[in-house]
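Here's the structure, in structure tokens; my notes come after.
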Amino acid sequence: MSLSRIEVVAGALVRARGEHVACPAAEVAGLLTQADDAYAVQQQVAQALGWFGMAPPRYWKAGGPSRDAVLTHAPLPPRGVWPSPATAGDWPFHMRGIEAEIALRIGRDVDAALASALDVDSARALIDAMAVSIEVVDSRWQEAIDAPALCKLADLQSHGALVLGEWVPFVARDWAAQACEVRIGARATVMRRGTHSLGDPAWLLPVWLRHATRHGETVAAGTVVTTGTWVGILEAGEGDLVTAEFPGIGHASVQL
């Protein structure tokens with residue numbers, strides 16, 4: 001019996017993770033024709049590797065380059081979500097891209113009916129806490145971040161690991177004035193202000209929650225979503241200490 005398109009791509013990613021090697025996206029890119037294909041691959045890889053068992057994912061990433069773009073989403077393997085200060089140890093990275101983000105935590109269960117009725121304001125009211133987060137960008141594709149978009153989406157949108165700082169109560173902020181500072185090893189500090197691509201990290205919540213509940217699932221209270229980078233992707237190397245700080249919110253760090 002021949003494998004389906006989805007099974008072929010998922011199998012490549014499962015092998016890449018199991019063998020800690022990168023595989024060529026060019027060989028499978030033509031098998032993915034729409035975002036739903038990539039999301040189906042995400043689900044098959046998660047099932048094959050037993051990431052979530054029977055429970056819904058508790059950690060997600062979501063985001064996009066602008067409010068006019070189609071937002072993308074990925075559930076994150078819980079073994080790669082670490083509290084700050086974190087040490088990566090021998091975690092098998094192929095690359096180490098650094099994104100500084102704000103993570104949001106949902107304070108109540110959200111089912112498909114509730115998600116379908118949300119706008120940004122009502123979704124924002126569901127947040128009970130926020131934290132500074134560092135996402136380490138990685139890829140199972142040889143082309144890395146130059147792989148085709150659907151291949152990257154199938155590969156959890158190039159996710160490697162997530163580090164979460166201390167949770168603080170969520171309060172309204174002037175996101176346009178929010179500063180962000182990232183230090184990588186001995187390099188100069190990268191400083192940004194008001195650079196979140198959506199203008200407000202909570203703006204993506206209705207779209208993400210509808211995605212996460214689209215097959216009848218419930219997003220459980222305490223579920224976390226990290227919401228996109230403020231600094232693009234910064235290059236880090238093995239041995240670097242990475243620190244991200246959002247003044248007024250908190251900080252996070254990871255030793256690579």
Side-chain angles (χ1 to χ4, degrees), residues 13 16-17 19-25 59-65 72 74-104 130-149 151-167 178-198 201 224-247 249-256:
L13 288 170
R17 287 180 177 274
E19 299 171 10
H20 305 316
V21 297
C23 53
Y59 303 96
W60 288 79
K61 64 178 293 185
T72 58
L76 306 183
R79 285 188 60 243
V81 180
W82 310 322
S84 174
T87 300
D90 59 358
W91 193 257
F93 292 116
H94 300 290
M95 59 177 287
R96 297 168 178 82
I98 299 300
E99 297 185 344
E101 310 190 16
I102 296 294
L104 304 174
M130 60 183 171
V132 173
S133 63
I134 298 170
E135 184 180 12
V136 184
V137 174
D138 196 9
S139 180
R140 270 49 60 180
W141 302 120
Q142 290 176 2
E143 299 87 342
I145 59 173
D146 294 322
C151 289
K152 290 191 290 186
L153 181 57
D155 187 28
L156 306 185
Q157 199 65 340
S158 304
H159 172 72
L162 182 69
V163 178
L164 294 170
E166 182 178 354
W167 292 103
Q178 177 66 54
C180 170
E181 304 174 5
V182 178
R183 291 174 288 281
I184 299 175
R187 277 167 271 174
T189 299
V190 175
M191 306 182 70
R192 300 286 187 268
R193 185 178 301 274
T195 48
H196 190 266
S197 62
L198 305 178
V224 171
V225 60
T226 191
T227 56
T229 182
W230 290 62
V231 295
I233 301 176
L234 306 176
E235 183 178 346
E238 186 175 2
D240 282 338
L241 174 64
V242 179
T243 301
E245 181 174 1
F246 286 74
I249 300 176
H251 65 273
S253 66
V254 58
Q255 176 65 58
L256 298 174

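This one's a predicted model, so the numbers in the text were calculated from it and none came from an experiment.
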Partners passing side chain to side chain donor-acceptor pair (under 3.5 Å) against Arg187 (at least two apart in sequence or in another chain): Asp240
Please identify which of these residues, Thr243, Leu162, Val163, Val182, meets the side chain to side chain contact (heavy atoms under 4.5 Å, CB included) condition with Ile134. Val163
List in chain and number order the residues that pass side chain to side chain donor-acceptor pair (under 3.5 Å) with Arg96, two or more places apart in sequence or in another chain; answer none if no residue qualifies. none
By the salt bridge (Lys or Arg N to Asp or Glu O under 4.0 Å) test, which pairs, at least two apart or in different chains, include something from residues 153-165? Arg17-Asp155, Arg140-Asp155
Side-chain polar contacts of residues 224-234 - donor-acceptor pairs under 3.5 angstrom, sequence neighbours left out - could you list them?
residue	atom	partner	partner atom	Å
Thr226	OG1	Glu101	OE1	2.7
Thr226	OG1	Ser133	OG	2.8
Thr227	OG1	Ile102	O	2.5
Thr229	OG1	Val231	N	3.0
Thr229	OG1	Gly232	N	3.2
Thr229	OG1	Gly232	O	2.7

Near His251 NE2, under 6.0 Å, is it more than 12 heavy atoms from other residues, nucleotides or ligands? no
Specify the closest pair of heavy atoms between Ala244 and Val132, including all atoms of both residues, with the distance to one decimal. O-CG1, 3.7 Å
How would you list, by chain and number, every residue that makes a side chain to side chain contact (heavy atoms under 4.5 Å, CB included) with Ala179, sequence neighbours excluded? Arg193, Pro247
Can you give me the closest heavy-atom contact between Ala103 and Leu164, atom names plus distance? CB-CD2, 3.7 Å
Pairing residues for Lys152 by the side chain to side chain contact (heavy atoms under 4.5 Å, CB included) criterion, not counting sequence neighbours: Ala147, Gln157, Ser158
Enter the distance from Glu135:CD to Lys61:NZ here, rounded to the nearest 0.5 Å. 3.5 Å
dist Met130:CE -> Ile249:CD1 (nearest 0.5 Å) comes out at 4.5 Å
Looking at Trp60 and Pro75, what are the two nearest heavy atoms and their distance? CE3-N, 3.5 Å
Residues that Arg183 engages under salt bridge (charged side-chain N to carboxylate O under 4.0 Å, His left out), provided they are two or more places apart: Glu181, Glu245
Using residues 83-95 as the side-chain source, report each donor-acceptor pair under 3.5 Å to any protein atom, sequence neighbours left out, with the distance given to one decimal.
residue	atom	partner	partner atom	Å
Ser84	OG	Ser253	N	2.9
Trp91	NE1	Gly160	O	3.3

Mind checking what makes side chain to side chain donor-acceptor pair (under 3.5 Å) contact with Gln178, not counting sequence neighbours? Arg173
Above 12 or not: heavy atoms from other molecules or residues under 6.0 Å from CD of Gln255? yes
For Gln142, the side chain to side chain contact (heavy atoms under 4.5 Å, CB included) test, sequence neighbours excluded, returns Ala22, Pro24
Inter-residue atom distance Leu13.CG - Ser139.OG, 0.5 Å rounding: 8.5 Å
For Glu99, the salt bridge (charged side-chain N to carboxylate O under 4.0 Å, His left out) test, sequence neighbours excluded, returns none
